[in-house]
Structure formats: C-alpha cells, structure tokens
Amino acid sequence: MTPQRVTLITLGVGDLAASVAFYERLGWKQHRAQEGVAFFQLQGSALALFGRAALAADQGRPGADLGTGAVTLAQNYATEAEVDAAFEAALAAGATALKRPEKVFWGGYSGYWADPDGHVWEVAMNPLWPLAEDGSLTLP
C-alpha cells in the first residue's frame, strides 16, 4: 500500500452541468458520468464533480454547508509563458481572476483563478521543481 497518494479529487458544485461545461471549455475531456457526478481523467488520478448537497449526503453530513477556497489545486508549468497561457485560457473558459501571474518571493511565477463554484486553482512555474516531459512533478 502506498499511503502518500491522491487518486480522486472531488469538488462539490452548485450546478453540475454548468461545471462540466466549464471544465470542457478548458479542454478537459469528461471520461464518464453517472447520475449526479462527472469524472475527468487526470494524469494518474481523476477529478470528480459532484452536486454539493449530494456530496454532503454521501459524506454522511446531509444538509452540511460545503464551502470553497480553503484548498488550492495547482498546475505547474515549465515556463512563465505557459503559466500566462493557462491563466488566460481559464479566464476565457469562464474562470474568475484572483491574482494575475507574477514573479513571487520563492523564486517562481504564479497566479490564481477560481472556477464558477469558487474552487481555487494556482498556475505556477517553479524553477526548483523541473517537470518531466509529460508534465508530471517529482519533488527533487
């Protein structure tokens, strides 16, 4: 068993169809859907979009008010230009700009956007973390 892994990230959403459409505008391909949930294959894991009320009930907390913004999902890129392109693509798909990409104190370059449900994504280039050709990250 490998305990240090994440195989599925599930985001609670207000409008499943609108959220699926947003991620598809980003160029993501829906892998499979079932009643009330949609899945996108990621590199070595998957992203699920699940209606908030149904997700709370599935967690054993029916009626819970699920929030957003306390977790940041990140995509790392090899260059600042790739970060800028990813940020602009997210805005064109309907994301909200939180912080435009800029040079940051730790020596990299990053920005933040939020999806239509308020889930926060960082796009970054970290010169200390080289990426494999397939875009995967292995910490040095």
Student: Verify whether one side chain among R32 and Q30 offers a donor that lies under 3.5 Å from an acceptor in the other.
Tutor: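 The answer is no; no qualifying pair exists.
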Student: Where the side chain of D117 meets the backbone of G14, is there a donor-acceptor pair that is under 3.5 Å apart?
Tutor: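 Answer holds: yes.
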Student: Take L16 and F50, measure what side chain to side chain contact (heavy atoms under 4.5 Å, CB included) needs, and give me the verdict at the end.
Tutor: CA-CA 7 Å; L16 182 60; F50 204 148; over 6 Å; no
Student: Does the side chain of W129 come within less than 4.5 Å of N76's, by heavy atoms?
Tutor: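 Contact flag for N76/W129 side chains = yes.
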Student: For a quick test of reading the model, state the closest non-hydrogen atom pair linking A78 to M125 and the distance between them.
Tutor: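 That would be O-CG, 3.5 Å.
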Student: Starting from the C-alpha separation in whole Å, work towards a yes-or-no answer on side chain to side chain contact (heavy atoms under 4.5 Å, CB included) for R100 and Y112.
Tutor: CA-CA 7 Å; R100 295 200 71 79; Y112 292 86; over 6 Å; no
Student: Membership question, hydrophobic clusters at under 4.5 Å side-chain separation (ILVMFWY): are V120 and L47 in the same one?
Tutor: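 No, separate clusters.
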Student: Does a side-chain heavy-atom distance below 4.5 Å link H31 with L42?
Tutor: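 Sidechains of L42 and H31: no contact.
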Student: Work out which heavy atom in T10 is nearest to a heavy atom in L55; give both atom names and the distance.
Tutor: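 Result for this residue pair: CG2-CD1, 4.0 Å.
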Student: Between L26 and Y23, is any pair of side-chain heavy atoms under 4.5 Å apart?
Tutor: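 Yes, their side chains come closer than 4.5 Å.
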Student: Can you tell me if E35 has over 12 outside heavy atoms packed within less than 6.0 Å of its CD?
Tutor: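 12 or below, so no.
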Student: Evaluate the side-chain proximity of L128 to W106: yes if any heavy-atom separation is below 4.5 Å, no if none is.
Tutor: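 Side chain of W106 against side chain of L128, heavy atoms only: no contact under 4.5 Å found.
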Student: Is the shortest heavy-atom distance from the side chain of E122 to the side chain of W113 under 4.5 Å?
Tutor: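 They are not in side-chain contact.
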Student: Is there a path of hydrophobic side-chain contacts, each under 4.5 Å between heavy atoms of I, L, V, M, F, W or Y residues, that connects F40 with I9?
Tutor: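 Yes, because F40 and I9 connect within a single hydrophobic cluster, where side-chain heavy atoms sit under 4.5 Å apart.
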Student: Indicate whether the side chain of N126 and that of Y109 have a donor and an acceptor atom separated by less than 3.5 Å.
Tutor: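 Side-chain D/A pair, N126 to Y109: absent.
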Student: Counting only heavy atoms not in D65, do more than 12 sit closer than 6.0 Å to its CG atom?
Tutor: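 Atom CG in D65 is not packed in, count stays at 12 or less.
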Student: With a 4.0 Å cut-off, would you call E80 and K103 a salt bridge?
Tutor: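 Looking at K103 together with E80, the answer is yes, because their closest N to O distance falls below 4.0 Å.
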Student: Using modelled atom types only, decide if a donor and an acceptor are shared between the side chain of H119 and the backbone of L73 within a distance under 3.5 Å.
Tutor: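 No; judged by distance alone, with no hydrogens or angles, the pair does not exist.
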Student: Under 3.5 Å, is there a donor-acceptor pair between the side chain of S19 and the main chain of D15?
Tutor: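 Indeed, once roles are kept as given, a pair shorter than 3.5 Å links the two residues.
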Student: Given side chain to side chain contact (heavy atoms under 4.5 Å, CB included), test V6 with S45 step by step and report yes or no.
Tutor: CA-CA 7 Å; V6 175; S45 61; 5.6 Å; no
Student: For residues V123 and A86, report the shortest heavy-atom separation together with the two atoms involved.
Tutor: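 Result for this residue pair: CG1-CB, 4.0 Å.
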Student: W28 vs W121 aromatic rings, parallel, tilted or perpendicular, using cut-offs 30° and 60°?
Tutor: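 Answer is perpendicular, since the angle exceeds 60°.
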Student: Evaluate E88 against V83 for side chain to side chain contact (heavy atoms under 4.5 Å, CB included), listing each step before the verdict.
Tutor: CA-CA 9 Å; E88 293 303 326; V83 170; over 6 Å; no
Student: For Q34 and F39, indicate whether the former's side chain and the latter's backbone hold a donor-acceptor pair under 3.5 Å.
Tutor: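 No, Q34 side chain to F39 backbone: no donor-acceptor pair under 3.5 Å.
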